[in-house]
Amino acid sequence: IMNEEGLFEKVEIMGPPTYEAWEACWNIFVTACIMFNIIDEGKLRRYMKFIRRLARKHDDKCWPLIYQAEVRMRLERASEIREELEEQHELDLQNGWRTHFNPARPWDAVWEKILSGSGDWWWRNVEQPCLLITCNVKTVADYVDGDAPVAASAMLMDTLTGTTTANNTTRGKKRPR
């Protein structure tokens with residue numbers, strides 16, 4: 001961001017403290033994807049509804065874990081899926097097979113794969129850990145690594161002045177990538 005001297009400085013912005021705050025941010029991403037014809041709106045809405053179901057299904061204390069998994073899906077797993085789809089597309093073309101992958105819009109296919117072929121990933125990264133957390137076998141801290149920290153619900157940011165009314169955050173140690 002630009003500081004008061006007009007110089008840019010790097011700052012870490014915490015993730016949304018609740019699902020509702022995440023959805024407001026997600027809708028901005030949806031708008032950009034539609035404007036630039038990157039991903040079909042239907043897939044983006046289905047993904048939002050999927051995250052909503054996870055958030056509503058599990059206790060509020062699981063939100064930092066759900067958010068961490070959601071961030072990892074977008075920043076890490078989605079790139080891996082894209083590579084897999086591009087490799088499969090090349091193989092399909094070499095063999096003269098029909099392919100539905102559109103190299104001009106690869107992220108649309110990635111989001112389809114996230115929605116239809118990532119159930120095991122979500123089970124390992126959200127469903128199973130949240131079950132153990134809800135049953136008090138494990139805690140959120142056992143799973144949240146700090147690479148996608150969320151703002152504490154009491155944190156309010158004054159967007160005009162850059163000041164905060166509280167400086168509470170839910171953080172852990174960042175994991176190596």
Side-chain angles (χ1 to χ4, degrees), residues 10-17 19 21-58 62-133 138 140-151 170-177:
K10 188 175 181 178
V11 298
E12 182 175 20
I13 299 173
M14 300 293 148
Y19 167 78
W22 176 87
E23 186 175 317
C25 298
W26 180 254
N27 284 327
I28 295 167
F29 178 72
V30 169
T31 301
C33 287
I34 293 167
M35 284 176 53
F36 295 106
N37 194 29
I38 297 170
I39 305 168
D40 290 341
E41 181 181 9
K43 292 176 179 121
L44 295 166
R45 296 289 173 208
R46 282 175 37 215
Y47 184 79
M48 179 187 72
K49 289 176 183 177
F50 174 72
I51 300 300
R52 180 189 302 151
R53 277 193 307 273
L54 289 175
R56 290 186 177 161
K57 178 179 180 180
H58 300 290
C62 288
W63 174 248
L65 175 64
I66 295 167
Y67 177 69
Q68 173 180 268
E70 193 278 324
V71 167
R72 288 178 180 176
M73 176 56 80
R74 283 184 293 110
L75 296 182
E76 298 169 11
R77 184 68 188 120
S79 295
E80 294 168 1
I81 291 170
R82 180 179 173 168
E83 286 180 27
E84 292 167 8
L85 291 172
E86 287 173 338
E87 289 172 7
Q88 185 61 50
H89 175 69
E90 289 300 318
L91 181 63
D92 291 347
L93 291 178
Q94 289 172 4
N95 290 314
W97 298 335
R98 187 173 173 202
T99 178
H100 296 286
F101 183 79
N102 180 355
R105 294 183 73 220
W107 295 111
D108 191 62
V110 169
W111 246 253
E112 181 59 41
K113 182 77 170 180
I114 287 171
L115 290 163
S116 63
S118 298
D120 289 343
W121 189 92
W122 289 106
W123 168 254
R124 287 189 317 274
N125 289 278
V126 176
E127 297 285 356
Q128 186 178 35
C130 284
L131 176 65
L132 295 171
I133 291 166
K138 297 271 190 173
V140 174
D142 292 325
Y143 296 102
V144 175
D145 293 326
D147 55 314
V150 297
T170 303
R171 293 191 50 93
K173 184 179 175 191
K174 285 195 172 197
R175 76 180 179 122
R177 287 198 182 190

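Put simply, the side chain of Y143 reaches to within 4.5 Å of the side chain of L132, judged on heavy atoms. Looking only at side-chain heavy atoms (C-beta outward), D147 and V71 stay at 4.5 Å or farther from each other.
Ring pair F50/W122 is perpendicular by interplanar angle, where above 60° counts as perpendicular and below 30° as parallel. Between W22 and W63, the angle of the ring planes goes over 60°, which puts this pair in the perpendicular group of the 30/60° scheme.
The heavy-atom pair separating P17 from A151 by the smallest distance is CB-O, 2.9 Å. Taking all atoms of both residues into account, the shortest heavy-atom contact from A148 to Y67 is O-CD2, 3.4 Å. Residues S118 and I81 share a closest heavy-atom pair of OG-CD1, 4.1 Å. Listed here is the closest heavy atom pair of A69 and V126: CB-CG2, 3.3 Å. Summarising the geometry of H58 relative to C62, their closest heavy-atom pair is CB-CB, 4.0 Å, with the distance given to 0.1 Å. Smallest separation of non-hydrogen atoms from P64 and V140: CB-CG1, 4.3 Å.
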Side chain to side chain contact (heavy atoms under 4.5 Å, CB included) assessment of L44 paired with M48: CA-CA 6 Å; L44 295 166; M48 179 187 72; over 6 Å; no
Evaluate the criterion side chain to side chain contact (heavy atoms under 4.5 Å, CB included) for residue pair E23 and N27; output intermediate values, then yes/no. CA-CA 6 Å; E23 186 175 317; N27 284 327; 3.9 Å; yes
R53/K49 under side chain to side chain contact (heavy atoms under 4.5 Å, CB included): CA gap, chis, key distance, verdict: CA-CA 6 Å; R53 277 193 307 273; K49 289 176 183 177; 4.1 Å; yes
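With rounding to the nearest 0.5 Å, the separation of CD in E70 from CG in L65 is 12.0 Å. Interatomic distance, CH2 of W107 versus OG of S79, reported as 4.5 Å (0.5 Å rounding). Note that CD of E90 and CG of L85 are 12.0 Å apart. Values are rounded to the nearest 0.5 Å. Note that the NZ atom of K138 and the CD atom of Q128 stand 10.0 Å from one another [nearest 0.5 Å]. To the nearest 0.5 Å, atom CG of residue L54 and atom SG of residue C130 are 7.5 Å apart. For the atom pair CE (M73) and OH (Y47), the distance works out to 6.0 Å, reported to the nearest 0.5 Å.
Judged as a side chain to side chain contact (heavy atoms under 4.5 Å, CB included), and not counting sequence neighbours, the contacts of N95 are L91, W97. In terms of the side chain to side chain contact (heavy atoms under 4.5 Å, CB included) criterion, residue partners of D108 (sequence neighbours excluded) are, by chain and number, I39, D40, K43, R105.
Between the Q88 side chain and the F101 main chain, no donor and acceptor come within less than 3.5 Å of each other.
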